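First the structure, in the form of structure tokens, and then the observations on it.
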Amino acid sequence: MPQPTSRARPTGHPGYSETLPREPESAATARRLVRISLSVWELDELAEDTALVISELVANAVQHARRDSIRVTIERPETACVRVGVVDFSKAPPAPRAPDDESESGRGLALVAELAKNWGTESLPWGKRVWAELEGKR
């Protein structure tokens, strides 16, 4: 199993990050990394929602990105805030959809928007980072 490439910090960049294969099974590894990070930072109350958000971001990258890998990032910009992201090699921004009742997909970004304090896309020279911030109790 890949190892985290950075160490825990009380707040700030980089937090934790890990490069994973661009495959559906990577969502489970990303959820574990989120739960471990939040436990170290004593933000356990954010674990379930943040794990769900990172799963959706990974699923989106698996479906739409190019290349064979993605990078999961977990940062703590403030004491009670966590920022998770998925970096991929596609420059195309995510496009939220309004699926009909029959659709089996297309609800992930709506779920991210519902659970996160804020979310967005950061352009990178080689692709993009889709991120979401979740806030706990202060």
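Any value given below was found using the heavy atoms of this structure, including those in side chains, with hydrogens, waters and symmetry copies removed. Residue indices begin at 1 and follow the sequence shown. Keep in mind that what you see is a predicted model, and the values were worked out from it rather than measured.
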* To do: Please answer whether the main-chain N or O of A80 pairs with a side-chain N or O of K137 as donor and acceptor at a distance below 3.5 Å.
  =>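 No, the answer is negative, given that no donor and acceptor are paired below the 3.5 Å cut-off.
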* Say whether, by atom type as modelled, one donor and one acceptor occur between the side chain of R35 and the main chain of L38 under 3.5 angstrom. =>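 Flag not set: sc R35 to bb L38 has no pair under 3.5 Å.
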* Asked: Under the 4.5 Å side-chain heavy-atom rule for ILVMFWY, direct or indirect, which residues accompany W131?
  ->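 Its cluster mates, by chain and number: none.
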Nearest-0.5 Å distance that lies between atom [atom1] in [X] and atom [atom2] in [Y]:
| X | Y | atom1 | atom2 | value |
| --- | --- | --- | --- | --- |
| R71 | L20 | CZ | CG | 8.5 Å |
| S17 | I74 | OG | CD1 | 8.5 Å |
| K91 | R66 | NZ | CZ | 8.5 Å |
| T73 | R83 | OG1 | CZ | 7.5 Å |
| L46 | S37 | CG | OG | 12.0 Å |
| T50 | L43 | OG1 | CG | 8.5 Å |

Is any side-chain heavy atom of [Y] closer than 4.5 Å to one of [X]?
| X | Y | answer |
| --- | --- | --- |
| D88 | R22 | no |
| E78 | E133 | no |
| K117 | C81 | yes |

* Quick one: which of L109, V84, L57 gives a side-chain contact (heavy atoms from CB on, under 4.5 Å) with W119? ->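 That would be L109.
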* Asked: So does E114 have more than 12 non-hydrogen atoms from other groups sitting under 6.0 Å from CD?
  ->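 At most 12 heavy atoms, drawn from other residues, nucleotides or ligands, come within 6.0 Å of this atom.
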Report whether [X] and [Y] are members of the same hydrophobic cluster (ILVMFWY, side-chain heavy atoms less than 4.5 Å apart, transitive linking).
| X | Y | answer |
| --- | --- | --- |
| V34 | L111 | yes |
| V72 | V87 | no |
| L52 | L134 | yes |

If you take all heavy atoms of [X] and [Y], which pair is closest and at what distance?
| X | Y | value |
| --- | --- | --- |
| S69 | T19 | CB-CG2, 3.9 Å |
| T121 | P94 | OG1-CD, 3.2 Å |
| P21 | S26 | O-OG, 2.6 Å |
| G85 | R129 | CA-CG, 4.4 Å |
| E56 | V112 | CB-CG2, 3.8 Å |

* **Counterpart residues, side-chain hydrogen bond (donor to acceptor under 3.5 Å, both in side chains), relative to E23 (two or more places apart)** =>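 Per chain and number, E23 pairs via side-chain hydrogen bond (donor to acceptor under 3.5 Å, both in side chains) with no residue.
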